[in-house]
There are 2 protein chains.
Amino acid sequence: MKYSASKENHLKAIFHLQQEQGIVTTNALAASLRTKPASVTDMLKKLKEQKLLIYERYKGFKLSTEGRKAAVLVIRKHRLWELFLVKKLQFGWDEVHEIAEELEHISSRELVDRLDAFLGFPETDPHGDPIPDSQGRFQPRKQVCLSELPLNKVVQVSGIASQTTEMLELLQYNHIRLGTRLEIRKKFPFDDSLEVKVRNRPPVTISARVAKNVLVKDDEPLSEKR
Amino acid sequence: MKYSASKENHLKAIFHLQQEQGIVTTNALAASLRTKPASVTDMLKKLKEQKLLIYERYKGFKLSTEGRKAAVLVIRKHRLWELFLVKKLQFGWDEVHEIAEELEHISSRELVDRLDAFLGFPETDPHGDPIPDSQGRFQPRKQVCLSELPLNKVVQVSGIASQTTEMLELLQYNHIRLGTRLEIRKKFPFDDSLEVKVRNRPPVTISARVAKNVLVKDDEPLSEKR
DNA sequence: TTTTAATTTTAGATTTGTCTAAATTTATTT
DNA sequence: AAATAAATTTAGACAAATCTAAAATTAAAA
């Protein structure tokens, strides 16, 4: 049940890429870990042997249930430590990432859970990211900007951050307004622009500038109990 | 200025043995680290290359100024984390050693110093050991081991030298913990065991082995300010 | 002072995680 | 569909930290 720091880093990175991009590739993982694709392949084999990963060579890979659990625990630790550093040790929210990268590998479960209690069972870390509870349950972030949204995830527009007339006009023109259901079809890394699809409409392209100001939340008609 | 966890562990162990035994041998170091003499020799060579150690093969070795500084920093971190765990996270004083063994290798100096401030610049850790300040200064403790204590002198337990779980459990069982007031009632020269009396308790017998590891200081009612 | 014993070191192997360069497989173009 | 490009994997190497077994050195005993 205890994995090396490097393994934990790989699991965590895979988890995050899985969330953001839906699918993870060897190259993307290598880039995200600032390592080389060959090294990633080596590690994938080890993670597969430990049944943390479902992996077929040349085909692709994803976390197993075990792997996801391990990844979420690392994220939990990272975010709790970040919050501790900011809230208790008066670090700035932009200074804590590096340190938390080390602290997240301290193994004691008891420690994490007590830290959680010490901080008052917080829901989010200093960057607004949700902190998984001791069972690994995530309350997904309620609102994110469009620019941080993973591909192909249907969401509902829940807010517009900067409401200049020009911006609202542009959105209006593209049939995007509060409550609009949409999803991202493609991301263009060149300028970080997005191809966005609104139901019953042809896809439109949105600049990174605009995307940053459109806030969205999960489209969950189920949870709207009444 | 940053050393591997293993190197830090070696430096720390050398420092402690230097204090206790004056001189350190390859075998003693190996025993203390639960590793093999050959492995120690390998490490000594590396530490010498980094000028953390003065070392001549077959002759002996000791920490350089650099090496001592590094060792003291690790000890500082260890003891601050132990105190944090006990004081803030409500761990028992006998549960924190293992966890602190991991935490002591977190590198950020800023972190240590802020932790120090957060804890109110404490002088001693939960076992009564002095915490070096940010300059690495130590205030040596004025204490002796129980085995060197004269008969019928009331003292207070101020530290436990060797903190194995087994040993702490034994002490716990005999109601001896940090701060406990006790005195020696009888010494048995046959095996150097001692009969010890704790207030409000029947006397118990303590082996020489254990007595060597229990540190006591004069009972100072002065510190009970009122 | 030899001989024996204990300590320490070397030699060579192993594990983990990483790398480069070359080969293989899959994807994309023409 | 053949050719080219991109992605992925293998092969072989290396550094760190450890080990076992054997050799070298120092210490202790006869």
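Sequence lines set the chain letters: A, B, ... in the order given, protein chains first and strands last, and positions in each chain run from 1.
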Would you kindly give the CG-to-C1' distance between B/Leu29 and C/dT8, to the nearest whole Å? 13 Å

Whole Å only: how far is the CG atom of A/Leu44 from the P atom of D/dA7? 16 Å

Which value, rounded to the nearest 0.5 Å, describes the distance between B/Asp113 atom CG and B/Lys77 atom NZ? 10.5 Å

For a quick test of reading the model: is some side-chain N or O of B/Ser4 closer than 4.0 Å to OP1 or OP2 of D/dA17? yes

Rounded to the Å, how far apart are A/Asp42 CG and D/dT9 P? 10 Å

Considering just the side-chain nitrogens and oxygens of B/Thr35, establish if one lies under 4.0 Å of OP1 or OP2 belonging to D/dC19. yes

So, B/Thr35 side chain and B/Ala30 main chain: donor-acceptor pair closer than 3.5 Å or not? no

Spacing of A/Ile23 atom CD1 relative to C/dA27 atom P, expressed in whole Å: 10 Å

So, is A/Lys45 close to the D/dT10 phosphate, meaning a side-chain N or O under 4.0 Å from OP1 or OP2? yes

Expressed in angstrom and rounded to an integer, what is the separation of B/Lys46 atom NZ from D/dT18 atom P? 7 Å

Assign each of A/Met43 and B/Ala38 the nucleotide of DNA chain C bearing its closest heavy atom; nearer the 5' end lies the nucleotide of B/Ala38

Distance check: side-chain N/O of A/Ser6 vs OP1/OP2 of C/dG17, anything under 4.0 Å? no

To the nearest angstrom, how far is B/Asn9 atom CG from D/dA16 atom P? 17 Å

Checking all strands, does B/Lys59 fall into the base, sugar-phosphate, or nothing category for heavy-atom contacts under 4.0 angstrom? nothing

When you measure only distances, ignoring hydrogens and angles, does the side chain of B/Tyr58 come within 3.5 Å of the base of C/dT7 through a donor and an acceptor? no

Centre-to-centre under 6.0 Å for B/Phe84 and A/Phe84, is that the case here? yes

Any side-chain to backbone donor/acceptor pair from B/Gln18 onto B/Lys62? Under 3.5 Å, distance only. no

Which part of the nucleic acid does B/Phe61 contact within heavy-atom distance under 4.0 Å: base, sugar-phosphate only, or nothing? nothing

Within the structure, does a side-chain N or O atom of B/Asn27 lie under 4.0 Å from either OP1 or OP2 of C/dA6? no

Could you measure the distance from the CZ atom of A/Arg181 to the CG atom of A/Asn200? Nearest 0.5 Å is fine. 11.5 Å

Rounded to whole angstroms, how far apart are CG on B/Leu11 and C1' on D/dA17? 15 Å

So which nucleotide from D/dT20, D/dT9, C/dC19 ends up closest to the side chain of A/Tyr55? D/dT9

Walking DNA chain C from its 5' end, the first of A/Lys36 and B/Glu56 to be reached, judged by nearest nucleotide, is B/Glu56

Please answer whether the main-chain N or O of A/Pro130 pairs with a side-chain N or O of A/Arg79 as donor and acceptor at a distance below 3.5 Å. yes

Is the shortest side-chain N/O distance from B/His10 to OP1 or OP2 of D/dA16 below 4.0 Å? no

Please state whether the phosphate of D/dT9, meaning OP1 or OP2, lies under 4.0 angstrom from any side-chain nitrogen or oxygen of A/Thr41. yes

Consider the side chain of B/Thr26, meaning its heavy atoms from C-beta on, and name the nucleotide among C/dT9, D/dT9, C/dG17 that approaches it most closely. C/dT9

Proximity to the side chain of A/Arg57 - top-ranked nucleotide from D/dA21, D/dT9, D/dA16: D/dT9

